[in-house]
Amino acid sequence: MRTWLALTLLLSAGSAAPNDREVLTAGVTEVAAPGAIPAPVAIYGQHAFAVIAGKSGGALAAIVAATRSGAGRVVAVGHDGLFGANLQRRDNAALATNIVTWLAAGKTAPRVTICEQGSLQAIATAAGAKVTTVPAGGVVAALAQTDVLLLGQGVLSVPAPVEQVDAVAAWVQRGGGLLVAGCSWGWQQLSPGKDLRVDQGANRIVARMGLALADQMVDRTGREGWASGGDLDGLNAQVAFAKLLQKSAELQDKAKATQVGATLALALNAMPPTDTLLLPRVKELLATVGSSSVPTAKTPVAASDPVGRLAIIVDSRLRRNLAPQEIRAHPAAATFPGLVPPAAPRVRQAVSVDTRTPAWHSLGLYAAPGEVITIELPAAAANKGLAVRIGCHTDTLWHLEKWTRHPEVSVRQPLAQPTTQVASAFGGLVYLDVPGGCQLGTVNVTLAGVVEAPLYRLGVDTVETWQASRAKLGPWAELATSKVIITVPTANIQDLVDPAPLMRFWDEVLDACADLAQRPRERERPERYVPDQQISAGYMHSGYPIMTWMDAAPRFVDVASLRTKGDWGMFHEMGHNHQSGHWTFDGTTEVTVNLFTLYVYEKVCGVPVASSRMNDPKLQTGMQAHFATGAPFEKWKGDPFLALRMYVQLQQAFGWETFQKVFTAYRDAPREGLPKNDQEERDQWLVRFSRQVNRNLGPFFQQWGVPTSEAARAAVSGLPAWDWQPYLWTMEGRPGG
C-alpha cells in the first residue's frame, strides 16, 4: 500500500497546474542573452515544473522553472542576464512580463519589491509594476507591503540569519510571489568554501519548495538562445524517478533513459542534504536493487544506465557527510587518479606558505586514497579563509552523458581550527588554498600522513635537488615557476633530467600572453595546466586550472617539440585566460583568443603569422565563398578561422604593436567609457582601431559583413581611406598603407 501511494504521488508530480506554463510562456518563442551561460534549475518538488530549457550534455535542463507552494508561487531563473541590457532581445520582455503577472496571481497592480536591483529592475519595468527597492537587511520588513518579491541569488546567503529565510518562505506560503535569479555556477566560483546547496540565499529559500539553482552550465537550444516549448514534464526528478520505479518502457530508448538519468543527477546533486522530497525514496530503491558501478575508461557508466548513475550520485552525497576516519578508498581511484605505491612512506612535513599569493600552493605532498591526513597551523591563522585541497582534478562531470572516471574526485576543506583532519576517497596532490587579499603573511603549516611527490621550482631547485625529488613516490608531479605550474603523472617526468629549459620556455609563453594583453609580466598567482582522464567540456578548456585530456601530458614536458612546433591548444587556452570581454563581441570568443595563439607562435616558437596555419589555401577559398555570398555575419560568427583571418589582415598591415596599443586604451579607459552591450563592443572596436592606425576601417568591416552602427562609421569617416585589398589574398606582411 505504501509503495503504491508513493508511486501515485510521484506520477502526479512535475506537471504544471492548469495553464501555468502557458501563462509563463505566452508570446515567448525564444529568449536570448549573448555571452551569458545560464545555470540549470533542478526540479524535484511535486508541483514544480520547467518553463524554458537548454541543453546539458545529451539531455535537457531547465533554465527557468516554477512551482506553486502553499498559496504562493515561485520562479527560479538560472541567469539574470536574460533581463537587464538584454530585455529587448528576442522574447525576453514578454517572459519578464509573464513572470510578474503569474507571480502576482491576478493582482492588477502588484506591489513589487526588489533586492539586488541590477537586472531585476528590468523585469518589473517590463511589467509596468510599481517598484520598491530595499537593501538585503530590509527584505523581511518589506514583506507586509509586497505582492511580488524579486531577489538576486546572493541575497540572504550565509551568514544571513535563518530566521530571515524562514520569514520569506512563510510569506510565500501565505500567498506571496517570489522570483530568485542568478548564475549559480558563478556564485560558487566567487564563494570558495561555501556550499551552493545550503549557503546560497536563493537555495536556502526555494530548495525546500522543490527547486534549486545548480552548479553547472546550460547550452542554448535556439538560434540565438533558449527556445520555449517541448516535452518538459520529464525535467522533474520525481517524474524521472517514477519511470525507474515503473521500469518504464522509455528506459529502453537511449535518449529517454539519458534524460531520466540526467534529471535525477542534477536534482540529487543540487538539493540540500536534508531533503525529504526525493532522497529517501532513492536510497530505498538502491538498497533494494544494489549497484556496483565503478566508472573507468574501460567500463564507463553512461546516462543510459540511470540506476548505476544513481548509485554513484548517492554514494558521493553520503560521503560528504562522513568523518575523515570513515572514508575508504574508492575502487575507481585505482585507475584514476591512481594509487600510492605500498612502499611509499607516510611523512610529517613542515612547509612555509606566503599567503600574499592567492589560490593553490603546491606543496610536493600527496594524500593516499582513503587515508586521513592532518594539517596543523598557528591558531592565529585558523578560520581566516585558508583551506586544504586534495586533488587538482576539479572538473565535475555530473552533467556528461558518459563517465570514464568518477564525476567528482577533488576535496576542499576549510581550515577553521588549528588542527584539521581530512581524507579523500580518491587521493591526490595536497594544496594549501589561500583566499585573495589574505593578510596573514608567511604561515608555517605542518602536514602529517602525507606522501612526498615530485616538485620542481624554477629558481629554487637545482639539477641535484630535482634528481632527489624526481624519485619521490607520489603518483603525480608538478613543475612550477612564479608564472605557471604544470601538473603531470610522475611517469611523465622520469626522463626529465633538467626541467629548467622547459620551465623557462613556459615562462616565455606566459610573458608573451601578458605582453600582447598589455598586462604586467609578474602575476598575482601562477596559471595552471592539468591533464585529466575526462574533463567537463571539450578537448581543453580555460580556467584555473586549464584542463586537458591525458594524451597532452607528455607534450607538456617535451621542450624540444614545444620550442619548434608549439602546441595550438595549449597556447589557445592560455589565451582565453587573457581575453577581455570589452573587445570580444558575440561570435569572437573563439577568434580573438587566437591572437594570443599566433603571438606566442611568432614570439616564442619563431613561427611568423604569415607562415602559420592562417596561410592555409582552404582559408583563401573560404574567404572567396564568404564574399561571394554577400559576407553574411552569421557565417562569419560561425567560422572562427574565417573570422580570425579578418584580424590577421589587420595584424599583417599594422603589426602587433597596434593591437597592444588598442588593448592598452581599453585597459586604461574609464569604466563608464567601456562598451555595455554587443553593438557597442563592435562599434568601439571599429572606432578605437581606426583611430589608432589613422585609417577609416568602416568599409573594411562592411566588406567582411561585421555590422557597426552608422554613428560609429561616421565617427571615423574623416580618417584617410585604407586600401585593404593587398591583405585579402596574400600573407606577405606588408606595412599598412
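What you see is a predicted model; the values in this text were computed from it and never measured.
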Compare every heavy atom of [Y] with every heavy atom of [X], then report the nearest pair and how far apart it is.
| X | Y | answer |
| --- | --- | --- |
| P414 | T420 | O-CG2, 4.3 Å |
| A553 | V488 | O-CG1, 3.8 Å |
| A39 | A214 | CB-O, 3.4 Å |
| S536 | H541 | OG-NE2, 3.5 Å |
| G474 | T490 | O-OG1, 2.5 Å |
| C513 | F596 | O-CE2, 3.5 Å |

Does any non-hydrogen side-chain atom of [Y] lie less than 4.5 Å from one of [X]?
| X | Y | value |
| --- | --- | --- |
| P273 | R320 | no |
| L458 | P499 | no |
| R317 | R197 | yes |
| V77 | L179 | yes |
| P526 | T357 | yes |
| L479 | I493 | yes |
| T664 | D668 | yes |
| V463 | Y456 | no |

| task | Determine, for D199 against R204, whether the closest basic-nitrogen to carboxylate-oxygen distance falls under 4.0 angstrom. | result |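 No.
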| task | Decide, yes or no, whether a salt bridge links E508 with K603 under the criterion of side-chain N to carboxylate O below 4.0 Å. | result |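 Salt bridge: no.
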Validation: residues 362-379 side-chain donor-acceptor distances under 3.5 Å, sequence neighbours left out:
unit_1	atom_1	unit_2	atom_2	d
S362	OG	E478	OE1	2.6
S362	OG	R528	NH1	3.4
S362	OG	R528	NH2	2.9
E371	OE1	R346	NE	2.9
E371	OE1	R346	NH2	3.4
E371	OE2	R346	NH2	2.6
T374	OG1	Q421	NE2	3.4
E376	OE1	R348	NH2	2.9
E376	OE2	R348	NH1	3.4

Would you check if the side chain of [X] reaches a backbone N or O of [Y] as a donor-acceptor pair within less than 3.5 Å?
| X | Y | result |
| --- | --- | --- |
| N594 | T597 | no |
| S410 | T394 | no |
| K676 | E672 | yes |
| E680 | P675 | no |
| D567 | M570 | yes |
| R523 | L510 | yes |

Distance-only polar pair, side chains of [X] and [Y], donor-acceptor under 3.5 Å:
| X | Y | result |
| --- | --- | --- |
| Q417 | T419 | no |
| H576 | E590 | yes |
| E527 | N577 | yes |
| Q684 | H582 | no |
| E408 | T396 | no |
| T584 | T592 | yes |

| request: Can you establish whether the number of heavy atoms outside K661 located under 6.0 Å from its atom NZ is more than 12? | output: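 Not more than 12 within 6.0 Å, no.
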| field | Worked check of side chain to side chain contact (heavy atoms under 4.5 Å, CB included) between V557 and L502 | value | CA-CA 7 Å; V557 296; L502 171 71; 4.0 Å; yes
Sequence neighbours excluded - salt bridge (Lys or Arg N to Asp or Glu O under 4.0 Å) pairs with any residue from [range]:
| range | value |
| --- | --- |
| residues 386-397 | none |
| residues 351-361 | D354-R356 |
| residues 152-166 | D166-R208 |

| Check against side chain to side chain contact (heavy atoms under 4.5 Å, CB included), I205 and N203 | CA-CA 5 Å; I205 304 168; N203 282 342; over 6 Å; no
| query | Looking at F663 versus W583, is the centre-to-centre ring distance below 6.0 Å? | reply |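 Ring centroids of F663 and W583 are less than 6.0 Å from each other.
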| task | Could you please spell out the steps behind the salt bridge (Lys or Arg N to Asp or Glu O under 4.0 Å) verdict for R328 and E326? | result | CA-CA 6 Å; R328 300 292 178 263; E326 299 175 298; over 6 Å; no
| task | Find the distance between CD (Q534) and CE (M550) and round it off to the nearest 0.5 Å. | result |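 Separation between the atoms: 13.0 Å.
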| query | Going through the checks in order, is the side chain to side chain contact (heavy atoms under 4.5 Å, CB included) test met by T487 and L429? | reply | CA-CA 10 Å; T487 306; L429 286 165; 3.8 Å; yes
| said: Out of the candidates L120, V180, L178, only one should pair with L150 under the side-chain contact (heavy atoms from CB on, under 4.5 Å) rule; please name it. | reply: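 So the option named by the test is L120.
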| message | Please identify which of these residues, I327, V430, L415, I390, meets the side-chain contact (heavy atoms from CB on, under 4.5 Å) condition with V422. | response |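 Testing V422 for a side-chain contact (heavy atoms from CB on, under 4.5 Å) against I327, V430, L415, I390 leaves exactly one candidate, I390.
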| said: Angle between ring planes, W506 versus Y529, binned at 30° and 60°: parallel, tilted or perpendicular? | reply: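 The arrangement is tilted - the two ring planes meet at 30° to 60°.
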| said: Ring-plane angle category for W656 and F659, please: parallel below 30°, perpendicular beyond 60°, tilted otherwise. | reply: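 W656 and F659: tilted rings.
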| message | Filter on side-chain hydrogen bond (donor to acceptor under 3.5 Å, both in side chains), then keep only pairs touching residues 180-192, sequence neighbours left out; what's left? | response |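 The answer is none; no pair qualifies.
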| query | Step by step, would you call E452 with L473 a side chain to side chain contact (heavy atoms under 4.5 Å, CB included)? | reply | CA-CA 6 Å; E452 292 182 292; L473 296 178; over 6 Å; no
| query | With H393, which of W476, F426, W549 fulfils ring pair (Phe, Tyr, Trp, His ring centres under 6.0 Å)? | reply |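 Exactly one pass, corresponding to W476.
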Side-chain donor/acceptor pairs under 3.5 Å, residues 435-444, sequence neighbours excluded:
unit_1	atom_1	unit_2	atom_2	d
Q439	NE2	G437	O	3.0
N444	OD1	S352	OG	2.7

